[in-house]
Structure formats: C-alpha cells, structure tokens
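Written out below as structure tokens is the structure these notes cover.
Basis for what follows: all heavy atoms, side chains included, without hydrogens, waters or symmetry-related copies. Numbering starts at 1 and runs along the sequence shown. We count ligands from 1, going down the list as the structure has it; atoms in each ligand are counted the same way.
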Amino acid sequence: MSSYALKKHSPHDYIFKQELGHGSYSTVYKAVDKKNLKKCFAIKVCSKRHIIKENKVKYVTIEKNVLNSLGRENHPGIIKLYYTFHDQDNLYFVLSYAINGELLQLLHKMKTFNEVWSIHFCAQIIDALEFIHSKGIIHRDLKPENILLDKNSNLMITDFGAAYIQKNNDNKENITTKSNGSHPCLVNTNSSFVGTAEYVSPELLLYNHSGYGSDIWALGCMIFQFLEGLPPFRGENELKTFEKIVALEYKWSDQFKISSLVKDLVRKILTVNPQDRITLSEIKKHSWLNLVDWDNKQKIWSSVWN
Ligand code: ATP
C-alpha cells in the first residue's frame with residue numbers, strides 16, 4: 001500500500017493582513033488562504049525565542065493539545081484550530097477568525113447587556129463549558145477577553161493556555177488541580193500578578209486548587225459583569241481583589257433593574273466552598289434560564305433578535 005505524505009503548511013500559504021491583537025507571547029493576524037481568497041483565518045504567531053525566554057513552552061503546548069482534542073468535534077462555542085506549523089523563528093496557529101472581536105469589547109461598547117442578551121450569552125457559555133468539561137478539560141482562565149464573537153455574534157471560547165487536561169485516573173466528578181503557582185493569574189513575576197485577578201476562584205486563592213467549579217465561578221462573575229458592566233470583585237490592587245473574593249464581598253448596584261431570579265443564580269454560583277456551588281446541570285434548570293431550549297442547539301446558537 002502506498003502512503004502519501006501530508007502536505008505541510010507554511011506561512012507562504014497565506015496572505016497576512018492586519019494585526020488583530022497581541023498577547024503575552026503571541027501576535028494574531030488576519031490572514032487569507034492564497035489558494036482561496038474567500039477563506040479567512042486568524043493566525044496566531046508565537047516567536048520561538050520569546051516563548052523560550054519567557055518560559056511559555058508549557059502554555060503553548062497545552063493550548064495546542066487542548067484545541068486539537070476539542071477541535072475534532074467542531075463545537076460552535078470553541079475556537080477552531082485548523083492547523084499548526086512552524087518555521088525557524090515562529091510557531092503558527094491557524095484559527096477560525098472571530099470577526100466581531102472580544103466579548104469584552106462588545107460589553108464596553110454597550111456598557112451593560114440586558115437580561116435577554118445576558119441569557120443568550122450565558123446559555124452559549126454553559127453549552128460550550130459543558131462540552132469542555134465533558135472532555136475532562138478545565139479552562140481555568142475564563143473571562144470576557146477570552147470569549148470571541150463570530151459574524152452572527154455567537155460566542156467562541158478561546159485561550160486554552162492555562163487549561164488543565166484530566167488524566168485517565170483523575171476522578172471526573174470531583175477533579176481538583178493543584179496549581180503549583182502555574183496559573184497565569186497567580187504567577188507572581190516581579191511582585192506583580194500576570195493576568196486578571198477578578199475571575200480567580202476562592203479555592204485557588206485559599207487552597208491552591210481549581211476544578212470544574214472554578215470555571216463555574218468565573219461564569220458567575222461574568223453574568224454579574226454582563227448586567228452591571230463590571231465584574232463583582234474589584235479592589236485597588238490584586239491583593240485587595242483577592243481579599244474581596246474570599247470574603248465574598250460583592251454588591252449589586254441597584255442602578256439597573258436586575259431581576260431577583262438572576263441575583264439568585266449568581267448567589268448560588270458565587271459560593272466560597274466549591275462543594276456548595278451550583279453545578280452546570282443545575283444552572284440549566286434554574287428559572288432565570290427557563291426560556292432556553294437546551295435540546296435545540298440551533299436555538300441556543302441563534303441570535304436573540306431573530
Ligand atoms: P495572553 O496570551 O497574554 O493571555 P491574549 O489571549 O489576548 O493574551 P492572543 O491569544 O495572542 O493573546 O490574542 C491576542 C488578541 O488577538 C486578542 O486580544 C484578540 O483580540 C485577538 N484574537 C485572538 N484570536 C483571535 C481570533 N481567532 N479571531 C480574531 N481575533 C483574535
């Protein structure tokens with residue numbers, strides 16, 4: 001039987017257009033396929049030298065492994081990784097292009113989302129998160145910057161560099177992962193924290209452990225933020241933010257007419273003890289999400305204004 005070598009991709013297959021943004025170890029460009037100019041991608045370019053210098057090899061490898069394993073099933077709520085390749089200087093991730101940018105940018109533009117929009121986004125995050133968790137993966141860095149919007153303003157979760165991949169012998173229900181200070185929000189470099197502190201779970205702060213519940217905690221922070229415009233726990237510095245998180249010190253402003261139903265849901269998510277925290281399947285049954293037809297993917301993923 002003859003075998004064929006798979007065609008290797010290279011940066012020369014693409015026309016690189018404008019820069020879409022850059023992260024701590026990468027720059028992302030819009031790019032089109034030279035052979036099919038209608039095919040548009042976001043290509044994340046990571047400098048090998050920079051990754052080694054900044055000790056980011058682990059994060060890049062995790063991101064690639066997670067996106068490869070999640071990507072096989074083409075979930076609409078996860079950014080798709082089409083190919084990876086490298087040349088002498090860089091690693092390249094060819095990703096689906098999120099034309100409408102970050103959810104955070106949309107929130108800044110709108111100031112707050114009303115409850116219908118919040119339900120629409122929340123349902124999509126839950127659907128994607130359920131899928132991620134079902135594969136034994138904890139995202140561990142969920143926040144509106146890490147959620148991108150496609151052309152129909154449907155969400156795609158991205159940035160899996162901090163994710164934890166369950167090993168076969170982990171207990172799937174009660175998985176907790178020891179951070180060993182490797183969580184990007186908790187890596188203390190030159191006495192300033194890298195990343196955003198506002199979504200870190202109390203179990204990570206108190207016991208240096210995170211689990212599926214830590215992603216649910218971040219979801220609770222985001223629901224609050226959708227409705228109030230800002231995340232629930234904010235201090236003048238990271239330490240003060242952390243103190244507020246473990247003291248569960250947050251307050252609805254009562255500036256907007258926010259239903260008692262959603263406040264109840266957020267209260268059930270934001271519990272210091274992860275064992276007391278509502279699970280994703282319980283959240284799906286909560287009255288605030290009554291209108292969501294969980295069995296009809298099309299409806300979850302169709303726009304609220306349709
Ligand atoms: P860090 O890696 O430091 O956490 P980051 O996640 O923002 O930062 P990148 O993943 O490199 O870093 O993304 C940089 C920017 O590029 C993002 O802020 C986002 O706005 C944009 N971007 C990333 N991926 C895509 C995509 N698939 N489509 C459109 N824009 C994207």
Nearest-option assignment for atom 17 (C) of ligand 1, heavy atoms, candidates Glu102, Glu19, Met156 = Glu102
Check: Glu115/Ser259 side-chain N/O donor and acceptor closer than 3.5 Å | yes
Please could you name the atoms of ligand 1 that His22 approaches to less than 4.0 Å, counting only its heavy atoms?
-> 14 (C), 15 (C)
Hey, which atoms in ligand 1 end up nearer than 4.0 Å to a heavy atom of Ala42?
-> 26 (C), 27 (N), 28 (N)
Ionic contact status for Lys80 with Asp150, cut-off 4.0 Å | no
Side chains of Phe85 and Lys8 in contact at under 4.5 Å (non-hydrogen atoms) | no
Could you tell me the residue and atom name of the protein heavy atom closest to atom 8 (O) of ligand 1, and the distance to it rounded to 0.1 Å?
-> Gly23 CA, 3.3 Å
Taking N or O atoms only and a 3.5 Å limit, does Asp159 qualify as a polar contact for ligand 1?
-> yes
The answer for which part of Asp141 has a heavy atom under 4.0 Å from ligand 1 is neither
For atom 30 (N) of ligand 1, which protein heavy atom lies nearest, and how many Å away is it?
-> Leu20 CD1, 3.7 Å
N or O contact, Lys44 vs ligand 1, cut-off under 3.5 Å | yes
Is there a donor-acceptor contact under 3.5 Å linking the side chains of Gln225 and Tyr199?
-> yes
Is there a side-chain contact between Val200 and Phe233 (heavy atoms, below 4.5 Å)?
-> no
Closest heavy-atom approach to atom 27 (N) of ligand 1 among Ser96, Gly101, Ala98 is made by Ser96
Would you say the side chain of Ile43 lies within less than 4.5 Å of the side chain of Val94, judging by non-hydrogen atoms?
-> yes
Answer yes or no: are there more than 12 heavy-atom neighbours, outside Lys48 itself, under 6.0 Å from its atom NZ?
-> yes
For atom 13 (O) of ligand 1, closest protein heavy-atom neighbour | Val28 CG2, 3.6 Å
What about Tyr97: any of its N or O atoms under 3.5 Å from an N or O on ligand 1?
-> no
Does an N or O anywhere in Ser24 fall below 3.5 Å from an N or O of ligand 1?
-> yes
Does any donor atom in the side chain of Thr27 or Glu19 lie under 3.5 Å from an acceptor atom in the other side chain?
-> no
So, Glu282 and Lys268, do they make that salt bridge, N to O below 4.0 Å?
-> no
Which residue owns the protein heavy atom closest to atom 24 (N) of ligand 1, what's the atom, and how far is it?
-> Leu148 CD1, 3.7 Å
Specify side chain, backbone, both or neither for Ile99, according to which of its non-hydrogen atoms lie closer than 4.0 Å to ligand 1.
-> neither
Below 4.0 angstrom from a heavy atom of Ser26, which ligand 1 atoms are there? Numbered from 1 as shown, please.
-> 9 (P), 11 (O)
Side-chain touch Lys135/His75, heavy atoms, less than 4.5 angstrom | no
